[in-house]
Amino acid sequence: MGKLDERVIIVTGGAQGIGRAFAMRFAAEGARVVIADVNGPASEKTAAEIGEAGGEALVAVTDVSDADSADAMARAAIEKWGRIDGLVNNAAYFQRPQVTVGPVEEITPEEWDSVMAVNVRGPFLCCRAVLPYMKERGYGKIVNISSGTFFSGRSTTQYVASKGAVIGMTRTLARETGDFGITVNSIAPGSTASDPERDQSRYEGRVPDRAIKRVERPEDLAGAGVFLMSSDSDFMTGQTMIVDGGAALN
Ligand SMILES: NC(=O)c1ccc[n+]([C@@H]2O[C@H](COP(=O)([O-])OP(=O)(O)OC[C@H]3O[C@@H](n4cnc5c(N)ncnc54)[C@H](O)[C@@H]3O)[C@@H](O)[C@H]2O)c1
């Protein structure tokens, strides 16, 4: 028996990186997973891997910054499985696409708007799309992926501002939805080697800051995701779990 048997969970940005690790692990725990990513071919590849491992996955090519696309994502889950138990708002404008890393004067207003569209408007639209179905059933689990950079301030302004907004959204939505049996929490990952093809040295640079001195991998975040998607977390809401090997130690 898996910890998430029968649950239907949508993972935005589930095709690659951290989202892929959530999708693979949720499926291994018995969940039926919707991979809601803008990258169709990468989503199909991850769904095929889940299928080969004996799990169930549906691809819903989704642009989280688009309201119609977010609504279609929720409808696809309902049409296939008749329910939505969980949503992980993981898709982000961060590495794919890559944000400008530099002083605020180098960030264009256009990039600021694009980052906010994916990282803030995206979770808003996806929550808006799934909440009516969750409220109808009187149960739901939402997890918003923030970032440890919100606590450290060690990143670029447009990105960190968007990840702070995610924590704000988590707190208000938790209060709004508690009476409906819905929990809303955040996970703040540390700097994570989410693409093995990229230069590992930038991740190795983070190692000395940590209590646990090794590179953080996407799989390191999956256990927190399983907990927040399972009944074990039914009395925990509005919180942010920092999973960074003991870098922030808040
Ligand atoms: N990797 C890190 O160091 C790190 C650290 C802290 C927080 N995070 C957060 O974790 C999450 C995942 O990060 P990652 O490193 O795995 O990212 P990634 O760039 O490897 O993957 C992001 C995924 O989101 C998808 N995506 C991008 N825009 C989208 C859109 N508009 N609609 C739907 N899908 C879209 C991409 O196609 C990709 O599959 C993000 O929210 C990121 O901010 C990452």
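FYI, side chains are in, hydrogens and waters are out, and symmetry mates aren't considered; it's all heavy atoms of this structure. Every number for a ligand or one of its atoms is a count from 1 in the order of the listing.
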Undergrad: Just distances here: any N/O of Ile18 and N/O of ligand 1 closer than 3.5 Å?
TA: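 N/O-N/O distance under 3.5 Å: yes.
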Undergrad: Between Lys163 and Phe150, is NZ or CZ placed under 6.0 angstrom from the six-membered ring centre and within 45° of the ring axis?
TA: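 Verdict for Phe150: no cation-pi partner in Lys163.
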Undergrad: Which residue and non-hydrogen atom of the protein lie closest to atom 24 (O) of ligand 1, and at what distance in Å?
TA: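 Minimum-distance protein heavy atom for atom 24 (O) of ligand 1 reads Gly13 CA, 3.4 Å.
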Undergrad: State, yes or no, whether a side-chain contact exists between Ile50 and Met24 at a heavy-atom distance under 4.5 Å.
TA: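 Yes, close enough: below the 4.5 Å cut-off.
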Undergrad: Mark the output for Gly190 as yes if a heavy-atom distance to ligand 1 is under 4.0 Å, and as no if none is.
TA: yes
Undergrad: Among Ser152, Ser147, Ser146, which residue satisfies the side-chain hydrogen bond (donor to acceptor under 3.5 Å, both in side chains) criterion with Thr149?
TA: Ser147
Undergrad: What atoms in ligand 1 come closer than 4.0 Å to a heavy atom of Ser191?
TA: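 Ligand 1 atoms under the 4.0 Å threshold to Ser191: 3 (O).
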Undergrad: What atoms in ligand 1 come closer than 4.0 Å to a heavy atom of Lys163?
TA: 40 (C), 41 (O), 42 (C), 43 (O)
Undergrad: Taking side chain to side chain contact (heavy atoms under 4.5 Å, CB included) as the criterion, tell me which of Asp244, Ile145, Asn90, Val243 meets it with Pro189.
TA: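 Of the listed residues Asp244, Ile145, Asn90, Val243, the side chain to side chain contact (heavy atoms under 4.5 Å, CB included) partner of Pro189 is Ile145.
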Undergrad: Of all the non-hydrogen atoms in the protein, which one sits nearest to atom 29 (C) of ligand 1, and at what distance?
TA: Val38 CG1, 3.8 Å
Undergrad: Considering residues, nucleotides and ligands other than Gln95, do more than 12 of their heavy atoms fall under 6.0 Å from its CD?
TA: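 Atom CD in Gln95 is crowded, with more than 12 foreign heavy atoms closer than 6.0 Å.
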Undergrad: Before signing off on this row, confirm whether Ser65 and ligand 1 have an N or O atom pair separated by under 3.5 Å.
TA: no
Undergrad: Report yes or no: do Val120 and Val64 belong to one cluster of Ile/Leu/Val/Met/Phe/Trp/Tyr joined by side chain heavy-atom distances under 4.5 Å?
TA: no
Undergrad: Does ligand 1 come near enough to Tyr203 that some N or O of the ligand is less than 3.5 Å from an N or O of the residue?
TA: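 In this structure, Tyr203 places no N or O atom under 3.5 Å from an N or O of ligand 1.
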Undergrad: What are the atoms of ligand 1, with element, lying closer than 4.0 Å to any heavy atom of Arg96?
TA: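 So the atoms of ligand 1 that pass are 18 (P), 19 (O), 20 (O), 27 (C), 36 (C).
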Undergrad: Which of the numbered atoms in ligand 1 are under 4.0 angstrom from any heavy atom belonging to Ser146?
TA: 7 (C), 9 (C)
Undergrad: Side chains of Thr100 and Glu111: is there a donor and an acceptor less than 3.5 Å apart?
TA: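 Checked: Thr100/Glu111 side chains pair up, N/O donor to acceptor below 3.5 Å.
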Undergrad: Around atom 38 (C) of ligand 1, find the nearest protein heavy atom and jot down its residue, atom name and distance.
TA: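 Going by distance alone, atom 38 (C) of ligand 1 is nearest to Gln16 NE2, 3.4 Å.
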Undergrad: Considering only the protein, which heavy-atom contact is closest to atom 39 (O) of ligand 1, and what is its distance?
TA: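 Closest protein heavy atom to atom 39 (O) of ligand 1: Asp37 OD2, 2.6 Å.
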Undergrad: Report yes if some heavy atom in the side chain of Glu204 is under 4.5 Å from a heavy atom in the side chain of Val215; otherwise report no.
TA: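 In contact.
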Undergrad: Examine the proximity of ligand 1 to Tyr159 and report which part, side chain or backbone, both or neither, has a heavy atom under 4.0 Å away.
TA: side chain
Undergrad: State the atoms of ligand 1, each with its element, that fall below the 4.0 Å cut-off from a heavy-atom position in Thr62.
TA: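 Those atoms are 32 (N), 33 (C).
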Undergrad: Less than 3.5 Å apart, any donor N or O on the side chain of Thr170 or Ser186 sitting next to an acceptor on the other?
TA: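 Yes - a donor-acceptor pair under 3.5 Å links their side chains.
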Undergrad: Are the side chains of Leu87 and Thr12 in touch, meaning some heavy atoms are under 4.5 Å apart?
TA: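 Leu87 reaches Thr12 side chain to side chain.
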Undergrad: Suppose I only count heavy atoms of Asp63 and a 4.0 Å limit; which atoms of ligand 1 are within that range?
TA: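 Near Asp63, meaning under 4.0 Å from one of its heavy atoms, ligand 1 has 30 (C), 31 (N), 32 (N).
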Undergrad: Side chains of Arg7 and Tyr139: is there a donor and an acceptor less than 3.5 Å apart?
TA: yes
Undergrad: Could you tell me, atom by atom, which parts of ligand 1 come under 4.0 Å of a heavy atom of Asn90?
TA: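 So the answer, numbered in order with elements, is 10 (O), 11 (C), 12 (C), 40 (C), 41 (O).
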Undergrad: Can you report which non-hydrogen protein atom sits closest to atom 10 (O) of ligand 1, along with the distance?
TA: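 Protein heavy atom with the smallest distance to atom 10 (O) of ligand 1: Ile145 CG2, 3.4 Å.
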Undergrad: What do you reckon, does Phe94 put a non-hydrogen atom under 4.0 Å from ligand 1?
TA: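 The answer is yes, since Phe94 has a heavy atom less than 4.0 Å from ligand 1.
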Undergrad: Could you give me the CA-CA distance, side-chain angles and deciding distance for Ile107 and Thr156, then say whether side-chain contact (heavy atoms from CB on, under 4.5 Å) is met?
TA: CA-CA 9 Å; Ile107 301 162; Thr156 185; 3.8 Å; yes
Undergrad: Is the shortest side-chain heavy-atom distance between Asn185 and Phe227 below 4.5 Å?
TA: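 In short, these two side chains do not touch, never coming nearer than 4.5 Å.
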Undergrad: May I ask you to identify the nearest protein heavy atom to atom 3 (O) of ligand 1, giving residue, atom name and distance to one decimal place in Å?
TA: Thr192 N, 2.7 Å
Undergrad: Answer with side chain, backbone, both or neither: which part of Ser194 has a heavy atom less than 4.0 angstrom from an atom of ligand 1?
TA: side chain
Undergrad: Give yes or no for whether the N/O distance cutoff of 3.5 Å, strictly under, is met between Ser147 and ligand 1.
TA: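 No.
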Undergrad: Is there at least one pair of N or O atoms, one from Val64 and one from ligand 1, spaced under 3.5 Å apart?
TA: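 Checking ligand 1 against Val64, an N or O pair does fall under 3.5 Å apart.
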